[in-house]
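Taking it in order: structure first as structure tokens, then the write-up.
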Amino acid sequence: MKIWEQFLNCILPPRCLKCGCILPDNRGLCPRCIQEINFITAPYCQKCGHPLETLPENGSKMLCGSCLSKKRTPFRLSRSAFRYDENSKHLVLAFKFHDKTDNASLLAKMMFVAGRDIFNAGADVIIPVPLHYTRLIKRRYNQSALLGHELSRLSGLKLNCRSLVKHRRTRPQVELRGRERLENVKGAFSVKKPEEIKGKRVILIDDVLTTGTTLKECAYALKRAGAKSVDTLTVARVV
Ligand SMILES: [Zn+2]
Ligand SMILES: [Zn+2]
């Protein structure tokens, strides 16, 4: 096996998933590209995971303005590994649209670290944001399900890809703004087997958190089916 691996590395050396330079081993990214990624580190809101500019005063809770004002949200906790910006965009888009599915394992490892508060708080099942079956046929894989699969392996939690379904086609959210985004995905998700969701603490998985409209619609469907709590864990977020 070792010799076979060495042979493969000679003819197909592992490359950096972002810039394509040759790497000595299969670690995924070269040191320069790793350094350029803006990982979300403390201080961040303990509830929604939004990065905070300053540390809160002694004794007050580490929460962002929105969570302090108790704005209604269907999520218990939300976390993301890094900021979605010019330095990280390529990594996410290559994974989503250009069959760079090898990235799943590296991205899931980053999510596993970013999601430690969620895993510590306790969860029962991992559920990826589903694609409509017509999109799944076109794209051949659901990027969120690949991440969910890796995270299930890392955390030992069960993966459920069949209960939450997208029963209606929608336009890509990137083409839309504000209210249109909301209307686009409203009522597009449902739970097929509520008995598998009832009383469960769910971790919803997606690639990028932008406005959170899609994740919210998924959370509402899960809550209607009796989910005890819903957390979100994404690779990146727009800050
Ligand atoms: Zn690189
Ligand atoms: Zn917050």
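If you're wondering where the values come from, they're calculated on a predicted model, not measured in any experiment. Both counts, for ligands and for their atoms, begin at 1 and track the order of listing. In this chain, residues are counted from 1 in sequence order.
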Completion exercise
Residues passing the side chain to side chain donor-acceptor pair (under 3.5 Å) test with Ser80, sequence neighbours excluded, are Thr234, Arg237
Practice task
Run the salt-bridge test on Asp117 and Arg79 with the 4.0 Å N-O cut-off and return the result as yes or no.
Solution key: yes
Handout entry: If only protein N, O or S atoms under 2.8 Å count, total around the Zn ion (ligand 1)
Key = 4
Handout entry: Check: Phe189 ring centre within less than 6.0 Å of Tyr220 ring centre
Key = no
Practice task
Check whether any side-chain N or O of Asn184 sits under 3.5 Å from a backbone N or O of Glu180 as a donor-acceptor pair, and report yes or no.
Solution key: no
Fill in the blank from the handout: Shell check on the Zn ion (ligand 2): protein N, O or S atoms less than 2.8 Å away are Cys45 SG, Cys48 SG, Cys64 SG, Cys67 SG
Exercise for the section: Answer with yes or no whether the side chains of Lys70 and Ser66 bring together a donor and an acceptor at under 3.5 Å. Expected result: no
Exercise for the section: Give the cluster check for Ile126 versus Val113: same hydrophobic cluster or not, with ILVMFWY residues linked at side-chain heavy-atom distances below 4.5 Å. Expected result: no
Exercise for the section: Provide the full list of salt bridge (Lys or Arg N to Asp or Glu O under 4.0 Å) pairs with a residue in residues 185-196, sequence neighbours left out, each pair given once. Expected result: Arg162-Glu196
Practice task
Measure from the side-chain N and O atoms of Ser155 to the backbone N and O of Leu151, and report whether any donor-acceptor pair falls under 3.5 Å.
Solution key: yes
Handout entry: Presence of salt bridge, Lys18 and Glu36, under 4.0 angstrom
Key = yes
